[in-house]
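Here's the structure, in structure tokens; my notes come after.
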Amino acid sequence: MLKENQGGTQLNCKAKGQVSGAIGLAGKRVLDSGAEKGLENFFTQLEKEIKRRIYQLKKRRT
């Protein structure tokens, strides 16, 4: 979901997964934190790329 926020855009993301079996139950905590870390990394990289492209566009205009 995209939402305007203080002159910028806020992106809210929701994901749902299901793990089953003995190994799944033991690894659920690891998988949950890994998924959260993966999403955090994805959006950090996305933010960097957007900022880089905005910088390039502004540089071309001057």
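Checked against salt bridge (charged side-chain N to carboxylate O under 4.0 Å, His left out), Lys3 has no partners two or more places apart in sequence or in another chain. For Glu49, the side-chain hydrogen bond (donor to acceptor under 3.5 Å, both in side chains) test picks out Arg52, Arg53, with sequence neighbours left out.
Each of Met1 and Phe43 belongs to its own hydrophobic cluster when Ile, Leu, Val, Met, Phe, Trp and Tyr are linked at side-chain heavy-atom distances under 4.5 angstrom.
Rounding to the nearest 0.5 angstrom, the gap separating the CG atom in Leu57 from the NZ atom in Lys59 is 12.0 Å. The distance from atom CD1 of Ile50 to atom CD of Glu47, rounded to the nearest 0.5 Å, is 7.5 Å. Of the inter-residue distances, the one linking Thr44 atom OG1 with Leu39 atom CG reads 10.5 Å to the nearest 0.5 angstrom.
For CD of Gln10, the number of neighbouring non-hydrogen atoms (other residues, nucleotides, ligands) closer than 6.0 Å is greater than 12.
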